[in-house]
S.K.: 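There's a structure below that I have some questions on.
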Protein chains: 2
Amino acid sequence: MRDANAPEVVVRRLALYLRVLNATSADDKNYISSQELGERAGASAAQVRKDLAFFGEFGKQGVGYEVGFLRGEIARILNVDRVVRFVILGAGELGVALARYTQRRRETEHGYPFLLAGLFDVDPSKIGQTVDGTAIEHLDALQDAVKESGVRMALITVPAQAAQEAVNASVRAGIRAILNFAPKSVSVPENVRLHNADVTLDLHHLAYFL
Amino acid sequence: MRDANAPEVVVRRLALYLRVLNATSADDKNYISSQELGERAGASAAQVRKDLAFFGEFGKQGVGYEVGFLRGEIARILNVDRVVRFVILGAGELGVALARYTQRRRETEHGYPFLLAGLFDVDPSKIGQTVDGTAIEHLDALQDAVKESGVRMALITVPAQAAQEAVNASVRAGIRAILNFAPKSVSVPENVRLHNADVTLDLHHLAYFL
DNA sequence: TAGATTGTTAATCGATTAACAATC
DNA sequence: TAGATTGTTAATCGATTAACAATC
């Protein structure tokens with residue numbers, strides 16, 4: 001990896017490029033140009049080349065990028081060339097839906113890297129129920145579950161007022177990356193990555209353009 | 001509104017500021033400084049002041065921003081000072097979860113502006129079922145539903161391969177803003193706003209930091 | 001070889017931060 | 001009035017775009 005300090009936006013576009021390449025695999029084209037990759041991912045050709053240059057040289061002048069090779073390289077850079085285990089905190093509507101959604105994609109999509117390793121809640125009436133074969137456990141069991149299976153990623157789907165505590169519990173358990181769906185800003189230590197995925201925030205943003 | 005051409009990032013932060021102000025209402029503080037608003041929204045004080053300056057002057061020197069007033073002004077700017085009707089296309093796991101989620105927030109949260117106006121699918125076995133009182137209709141009924149109720153916003157929760165067609169149907173029906181949850185880049189005409197909310201993309205992005 | 005497209009450098013553009021006069 | 005904080009301008013920083021030599 002040439003540069004570990006690639007900007008946030010570059011990493012985000014890398015994920016986008018990978019999605020395009022995954023959708024291209026079945027095609028009969030072996031090579032793709034920065035031009036076409038950019039078009040299909042919503043970026044300029046120059047941007048594609050500059051983004052990739054943060055991590056190495058993956059193309060051939062006059063030809064383009066070998067689809068399978070570039071896919072493998074980007075997957076490696078994003079750490080999705082292996083199984084990535086994650087847990088969901090909060091077995092409400094959204095948590096259960098995301099559990100089912102990721103399970104289904106894992107079943108149907110070759111190479112889908114994300115694997116649900118646990119589903120946690122504090123509601124006694126939910127604990128013990130299963131979602132697509134994964135039992136809902138009490139939040140107190142998180143620490144052990146994370147340690148046992150080496151999970152480092154958590155999705156937070158608890159109500160707003162419980163979000164910070166769920167995040168704290170994740171951090172204590174050794175989680176390194178958190179995707180927060182709760183409509184609440186939460187704090188994490190410097191060594192933990194946090195992304196926000198509050199749907200309501202997107203709705204507000206979009207409403208501006210109405 | 002002083003400037004309709006505020007950058008994307010500014011509008012996004014506006015939504016964040018509003019979320020903080022909504023959470024502040026119950027407090028006994030009448031005024032909030034750019035410093036505190038920034039801290040609680042994850043922005044710098046200078047950024048808060050500069051962002052707000054795109055739209056007008058809302059503060060008092062030496063004092064700060066009156067919480068209720070600023071909340072009202074931002075709500076107005078974001079067009080969420082009134083009911084915003086939206087539809088969901090795709091009554092799968094995620095679509096149904098989002099339908100329930102928004103319905104619940106509307107019931108429990110004073111001033112939550114988003115109201116589900118319809119839920120659409122093409123699967124005959126789903127059509128006619130109801131989700132929290134909203135009947136699942138066939139996608140063919142979208143056009144009429146949008147025209148009748150003045151809906152201008154749509155959430156796309158169909159499978160990737162159906163995403164572009166769902167978007168096209170939305171555009172034909174007169175939808176102006178689309179939030180796309182399908183793991184697929186889709187195209188829209190210039191006059192339609194599109195945001196992407198593909199969870200898998202966030203997971204890929206986060207995995208980079210593991 | 002000729003044509004095409006990469007990787008990279010320089011130029012442009014835009015956003016963030018710092019600083020401070022205005023003023024509540 | 002004195003202290004505090006806004007609104008705004010100037011300085012800095014970083015990302016995007018344009019251009020082109022290198023080379024497959």
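In what follows, every chain begins at residue 1, and chains take the letters A, B, ... in the order their sequences are listed.
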S.K.: Rounded to whole Å, please give me the gap between CG in A/Asn5 and C1' in D/dG14.
M.R.: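 It is 14 Å, rounded to the nearest whole Å.
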S.K.: Going by atom types alone, do A/Thr24 and A/Arg71 pair a side-chain donor with an acceptor below 3.5 Å?
M.R.: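 Not at all, the side chains of A/Thr24 and A/Arg71 share no donor-acceptor pair under 3.5 Å.
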S.K.: Start at the 5' end of DNA chain D and walk down; is the nucleotide closest to A/Gln61 or to A/Lys50 reached first?
M.R.: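 First, find each residue's nearest nucleotide; the 5'-ward one identifies A/Lys50.
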S.K.: B/Phe55 versus B/Ile74: any side-chain heavy-atom pair under 4.5 Å?
M.R.: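 Heavy-atom side-chain distance check fails, nothing below 4.5 Å.
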S.K.: Evaluate the side-chain proximity of A/Lys184 to A/Gln161: yes if any heavy-atom separation is below 4.5 Å, no if none is.
M.R.: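 No. Closest side-chain heavy atoms not under 4.5 Å.
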S.K.: Roughly how many Å is it from CD in B/Glu8 to P in D/dA15, rounded to a whole number?
M.R.: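 Going from CD in B/Glu8 over to P in D/dA15 covers 18 Å.
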S.K.: Hey, does the side chain of A/Ser34 come within less than 4.0 Å of C/dT5's phosphate (OP1/OP2), counting only N and O?
M.R.: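 No, outside the criterion.
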S.K.: Let me know the distance between CD1 of A/Ile32 and C1' of C/dT5, rounded to the nearest Å.
M.R.: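 Atom CD1 in A/Ile32 sits about 13 Å away from atom C1' in C/dT5.
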S.K.: Can you give the dot-bracket line for DNA chain C, using ( ) for pairs inside the strand, [ ] for pairs that cross earlier ones, | for pairs with another strand and . for unpaired bases, where Watson-Crick and G-U count if both distances are under 3.5 Å?
M.R.: ..||||||||||||||||||||||
S.K.: For C/dC24, does either OP1 or OP2 sit under 4.0 Å from a side-chain N or O belonging to B/Tyr65?
M.R.: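 B/Tyr65 to C/dC24 OP1/OP2: no side-chain N or O under 4.0 Å.
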S.K.: Among A/Leu78, A/Asp51, A/Leu70, exactly one meets side-chain contact (heavy atoms from CB on, under 4.5 Å) together with A/Tyr17. Which residue is that?
M.R.: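 When A/Leu78, A/Asp51, A/Leu70 are each tested with A/Tyr17, the side-chain contact (heavy atoms from CB on, under 4.5 Å) holds only for A/Asp51.
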S.K.: Would you classify A/Tyr31 as touching base, sugar-phosphate or nothing, given that sugar-phosphate means primed atoms plus P, OP1 and OP2, and contacts are heavy atoms under 4.0 Å?
M.R.: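 If one applies the 4.0 Å heavy-atom cut-off, A/Tyr31 turns out to touch nothing in the nucleic acid.
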S.K.: Should B/Ser44 be listed as having a side-chain N or O under 4.0 Å from OP1 or OP2 of C/dT17?
M.R.: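 Looking at the OP1 and OP2 atoms of C/dT17, one of them is under 4.0 Å from a side-chain N or O of B/Ser44.
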S.K.: Separation of A/Gln47 atom CD from D/dA18 atom C1', in whole Å?
M.R.: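 The answer, rounded to whole Å, is 13 Å.
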S.K.: Does a donor on one side chain and an acceptor on the other come within less than 3.5 Å for B/Arg49 and B/Ser34?
M.R.: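 Yes, because at least one side-chain N or O of B/Arg49 sits under 3.5 Å from a partner of the opposite role on B/Ser34.
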S.K.: Counting just side-chain N and O atoms, does B/Arg13 come under 4.0 Å of either OP1 or OP2 of C/dT16?
M.R.: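 Checking C/dT16 against B/Arg13, a side-chain N or O does come within under 4.0 Å of OP1 or OP2.
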S.K.: Roughly, in whole Å, what's the span from CZ in A/Arg12 to C1' in D/dA15?
M.R.: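 Answer to the nearest Å: 17 Å.
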S.K.: What's the CD-C1' distance between B/Glu57 and D/dT9, to the nearest Å?
M.R.: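 Result: 14 Å.
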S.K.: Considering just the side-chain nitrogens and oxygens of A/Arg49, establish if one lies under 4.0 Å of OP1 or OP2 belonging to C/dG7.
M.R.: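 The answer is no; no side-chain N or O of A/Arg49 sits under 4.0 Å from OP1 or OP2.
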S.K.: Taking atom C1' of C/dT17 as reference, at what distance in whole Å does atom CD of B/Gln35 sit?
M.R.: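 B/Gln35 atom CD is separated from C/dT17 atom C1' by 14 Å.
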S.K.: To the nearest Å, give me how far apart CZ (B/Phe55) and C1' (D/dT8) are.
M.R.: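 Atom-to-atom, B/Phe55 to D/dT8, this comes out as 16 Å.
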S.K.: Think A/Ser33 has a side-chain N or O under 4.0 angstrom from the OP1 or OP2 of C/dT5?
M.R.: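 So the side chain of A/Ser33 is outside the cut-off, no N or O lying under 4.0 Å from OP1 or OP2 of C/dT5.
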S.K.: Can you confirm whether A/Glu165 sits close enough to A/Val158 that some side-chain heavy atom of one is under 4.5 Å from a side-chain heavy atom of the other?
M.R.: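 No, their side chains stay 4.5 Å or more apart.
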S.K.: When you check the side-chain N and O atoms of B/Gln35 and B/Glu39, is any donor under 3.5 Å from an acceptor?
M.R.: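 B/Glu39 and B/Gln35 do have a side-chain donor-acceptor pair below 3.5 Å.
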